[in-house]
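One structure is given below, encoded as structure tokens.
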Amino acid sequence: MIELSEILIGRFLRKKWKKQSVQKTIIRSPENYFSTIKLSIYVIISIYYKNGIQILIPRKPAYLQKSYLRNMNDATLQKLKILAESAKYDVSCASSGTVRGNKSGGLGNTVGGMGICHSFTEDGRCVALFKIMLTNHCIYDCAYCVNRRSNDIPRTAFTVDELTTLTIEFYRRNYIEGLFLSSGVMQNPDYTMERMIRVVKNLRVIHRFNGYIHMKSIPGASRELVREAGMYADRLSVNIEIPTEENLKLLAPEKDHQSVFKPMSYIHQGMIENMEEQKKYRHAPRFVPAGQSTQMIVGATSETDREILSVSSMLYRQPSMKRVYYSGYVPVNHFDERLPALQVPPLVRENRLYQADWLMRFYYFSADEITESERPNLDLDVDPKLGWALRHPEKFPVDINKADYEMILRTPGIGVKSAQMIVASRQHTKLGYWELKKIGVVMKRAQYFITCNELPTFTIQEARPEYVRKALTQKANDKKRKNPDQLLLNFPE
Amino acid sequence: MIYFIYDATFDGLLTAVFESFDRKLIPDKVISENEQIPLFIEQIVDIATDEVKSQRVWKGLQKKLSPSACSMLTVNFLADYPNLSTILFRYICKTFQSERSIETNFSDNDVLELSQLYRKVRYEATRVMQFLRFQKSSDDIFFGPIAPLHNVLPLVISHFTDRFADQKWVIYDTKRQYGIFYDLKSTQEIILDNIQVEETTGKLHKEAMAEDEKIFQQMWKEYFNSLAIKERINPKLHRQNLPRRFWKYLPEKR
Ligand code: SF4
């Protein structure tokens with residue numbers, strides 16, 4: 001795909017694109033032409049061609065233009081502030097997984113892969129989607145949530161029109177890739193779902209909007225509504241929030257795991273049926289083409305990393321589950337005895353969980369290998385892959401030129417790409433230190449765990465795990481001391 | 001010292017290659033007519049761009065190089081890079097002189113340099129897709145001024161025409177003083193001799209701005225500001241992600 005369009009561009013460039021084109025369309029501001037007409041009329045770029053002669057069409061002055069957006073005013077602005085504030089703690093922002101070209105005449109497309117980050121918040125997160133709540137009114141009282149019933153915060157709700165207009169207008173200005181819609185629960189889950197569906201349906205049907213839409217499915221929503229939402233959204237998500245049911249019940253007395261897992265299975269079934277239909281009719285409408293995702297809050301309750309990861313691995317067994325997000329608990333509600341009194345959110349732990357998640361999805365690790373049952377939490381000082389290697393010195397060193405792919409993948413300092421390149425290129429030549437370096441292996445790490453063409457050097461067998469651990473964490477600690485802010489928060493897809 | 005001077009078009013560059021082989025003359029440098037010509041040069045050869053000649057060179061290149069290497073050349077042509085013409089020229093000549101395609105021979109400095117440059121130019125194009133912001137003008141055209149490091153507008157046209165098919169827009173390179181205008185059917189190159197943008201703030205002039213534009217810029221800004229989680233602020237990372245040079249035209253950073 002990419003190659004082809006490149007070639008097209010190449011040709012385009014050669015034929016038509018010249019840095020200095022001979023024929024320029026010069027558009028002047030009207031003062032030059034209509035010096036007699038008072039400056040009330042401006043032309044930016046309305047041009048027409050008539051018999052090859054270019055004429056300028058003065059546009060209507062601003063005060064004569066009728067705006068269909070009279071409903072956008074300060075009240076909307078206030079709502080926007082309140083509801084953005086309420087929505088921000090939900091971390092998922094990847095707008096990935098769908099490639100959909102624009103249908104002719106409509107607005108928008110999705111580009112697949114990472115999606116496009118249009119901005120970055122000051123805490124370093126990518127802003128790709130317009131993440132907003134339809135309302136922050138809520139009949140529930142979840143202890144970990146800013147919007148719970150018992151909090152005294154300003155409450156408001158968008159009308160369907162307001163929200164669609166905002167989305168469209170933001171999109172038209174290239175601020176966003178699409179919409180991420182969630183909501184507090186008004187009256188009951190189905191009532192809320194219905195209103196949310198009206199927004200996404202309006203966008204797709206009336207505004208012919210083809211950008212990305214991620215919609216939260218409200219826990220407890222009915223099957224029909226989940227199905228309908230899936231016809232319009234690219235991705236649906238139902239958040240588990242708390243990994244074990246007893247803790248969920250403790251913190252969110254009105255919710256249980258059933259109310260979460262049911263909609264999840266509706267989505268899953270919908271996708272499977274849709275796949276069948278697609279086989280039969282190529283143009284069958286697609287049901288949540290980007291799958292579903294979910295989120296767990298980390299650090300608000302007593303679950304160990306081992307428990308959290310086993311829930312994730314269970315979820316990943318459904319092919320429709322594309323991502324599990326982990327959100328370090330930000331203490332939004334003080335004075336609640338059920339919650340820990342944290343000063344800062346557990347960012348390092350959150351980061352380690354993402355790394356562990358990565359290991360499960362791309363490195364063939366199983367959930368119970370990543371932590372030991374005696375030490376059920378992840379080591380905060382070393383990443384989980386290195387942690388595993390240090391606990392299993394008997395598996396190393398790995399012979400780069402002989403070992404099978406999975407074992408090479410498990411070696412610290414070697415990523416998926418390098419592992420593939422190693423397996424491919426060792427068929428041609430034996431690999432040594434320099435070849436590995438060129439391939440992109442982090443030798444500082446890998447050196448303790450591999451043997452290659454040269455004589456074995458100082459590996460974990462000679463050095464002992466304690467030494468390796470020290471050697472590899474020392475540098476990291478030095479670095480941290482130098483710039484303590486350096487904690488990346490990235491959510492690669 | 002022999003200098004080739006061409007008219008800053010890609011065809012011109014290819015013609016220069018043709019002339020070099022034809023006249024058996026190897027220039028020390030190839031420069032475009034927009035560049036400064038040094039004072040004391042023994043010989044200056046003016047290259048007259050000739051589509052027939054350039055076509056022949058291009059056909060030859062397509063035979064010797066993979067399609068991706070060909071497009072690498074055209075993409076790199078858009079770069080702002082010292083000595084670019086000469087490097088491209090040498091690359092093309094070497095391609096014709098060698099038996100095998102040189103495109104993966106990274107021990108050759110020109111090959112390496114161009115492959116690195118290619119990545120930079122592509123990345124800049126991505127950034128334009130990320131950080132371009134349209135402002136609605138009072139005649140319903142969405143105006144997006146931007147000043148990218150390289151001349152990457154040609155690389156992003158197809159993205160924007162696909163995405164914003166139902167609105168008129170202009171993407172304007174304020175550094176290179178030209179833009180692309182999309183009129184719902186096709187795109188064309190335009191030059192505005194009076195761009196209606198305030199020098200300091202990057203906003204459209206009040207008279208040129210659509211009535212509702214201001215409120216949406218404001219809304220976006222407010223929205224953006226309320227997104228950051230204060231417990232997690234990290235200014236260094238922020239600047240890395242969102243380079244300062246784009247801030248002028250971002251409503252959220254104004
Ligand atoms: S249902 Fe959702 S919005 Fe309502 S309190 Fe619980 S987490 Fe918050």
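First the proteins, then the strands, lettered A, B, ... as listed; each starts at 1. Worth knowing before you read on, the calculation uses all heavy atoms, side chains too, and leaves out hydrogens, waters and symmetry mates.
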Side chain to side chain contact (heavy atoms under 4.5 Å, CB included) evaluation trace for Arg172(A) with Lys136(B): CA-CA 9 Å; Arg172(A) 285 198 184 285; Lys136(B) 194 164 151 196; over 6 Å; no

Exam field: side chain His118(A) to backbone Gln130(B), donor-acceptor pair closer than 3.5 Å: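 Checked: pair present.
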
Glu122(A) with Arg239(B): basic N within carboxylate O range, under 4.0 Å: no

Best-contacting candidate, Arg127(B), Gln135(B), Glu213(B), against chain A by heavy atom pairs under 4.5 angstrom: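 Highest number of heavy-atom pairs under 4.5 Å: Glu213(B).
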
Among Asp183(B), Leu242(B), Leu227(B), Leu250(B), residue most engaged with chain A (heavy-atom pairs, under 4.5 Å):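 The option with the most such pairs is Leu227(B).
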
Approximate separation, where rounding is to 0.5 Å, of Gln167(B) CD and Ile168(A) CD1: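 Rounded to the nearest 0.5 Å, the CD-CD1 separation comes to 10.0 Å.
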
Euclidean distance, Leu80(A) CG relative to Ser226(B) OG, rounded to 0.5 Å: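 The distance works out to 6.5 Å.
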
Enclosure of Lys214(B) NZ (heavy-atom neighbours >12, cutoff 6.0 Å):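 No, the 6.0 Å shell around NZ holds no more than 12 heavy atoms from other groups.
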
More than 12 heavy atoms from other groups under 6.0 Å of NZ on Lys168(B):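 Open: at most 12 neighbouring heavy atoms sit under 6.0 Å from NZ of Lys168(B).
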
Residue list, side-chain hydrogen bond (donor to acceptor under 3.5 Å, both in side chains) with Thr121(A), at least two apart or on another chain: Asp123(A)

Test side-chain hydrogen bond (donor to acceptor under 3.5 Å, both in side chains) applied to Asn174(A) - qualifying residues, sequence neighbours left out: none

Examine whether an atom of [X] lies under 4.5 Å from a heavy atom of chain A, and if so say whether it belongs to the side chain, the backbone or both; otherwise answer neither.
| X | answer |
| --- | --- |
| Phe246(B) | neither |
| His159(B) | both |
| Lys253(B) | side chain |

Side chain to side chain contact (heavy atoms under 4.5 Å, CB included) between Met219(B) and Glu169(A), intermediate numbers included: CA-CA 11 Å; Met219(B) 295 235 192; Glu169(A) 294 296 323; over 6 Å; no

Ring-ring centroid check Phe130(A) Tyr223(B), cutoff 6.0 Å: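 Yes; Tyr223(B) has its ring centre under 6.0 Å from that of Phe130(A).
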
Stepwise side chain to side chain contact (heavy atoms under 4.5 Å, CB included) check, Phe120(A) with Phe224(B): CA-CA 9 Å; Phe120(A) 290 87; Phe224(B) 178 84; over 6 Å; no

Per-residue contact mode, Tyr175(A) against chain B (heavy atom under 4.5 angstrom): both

Parallel, tilted or perpendicular: ring planes of Tyr171(A) versus Phe164(B), cut at 30 and 60 degrees: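 Because their plane-to-plane angle lies in the 30° to 60° range, the rings of Tyr171(A) and Phe164(B) count as tilted.
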
For the student: nearest non-hydrogen atoms of Ile176(A) and Arg163(B), plus distance: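 Nearest pair, atom of Ile176(A) first, then Arg163(B): O-NH1, 4.3 Å.
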
Step-by-step side chain to side chain contact (heavy atoms under 4.5 Å, CB included) determination, Trp220(B) to Arg173(A): CA-CA 10 Å; Trp220(B) 176 246; Arg173(A) 286 166 176 74; over 6 Å; no

Step-by-step side-chain hydrogen bond (donor to acceptor under 3.5 Å, both in side chains) determination, Ser119(A) to Glu252(B): CA-CA 9 Å; Ser119(A) 195; Glu252(B) 65 265 36; 2.7 Å; yes

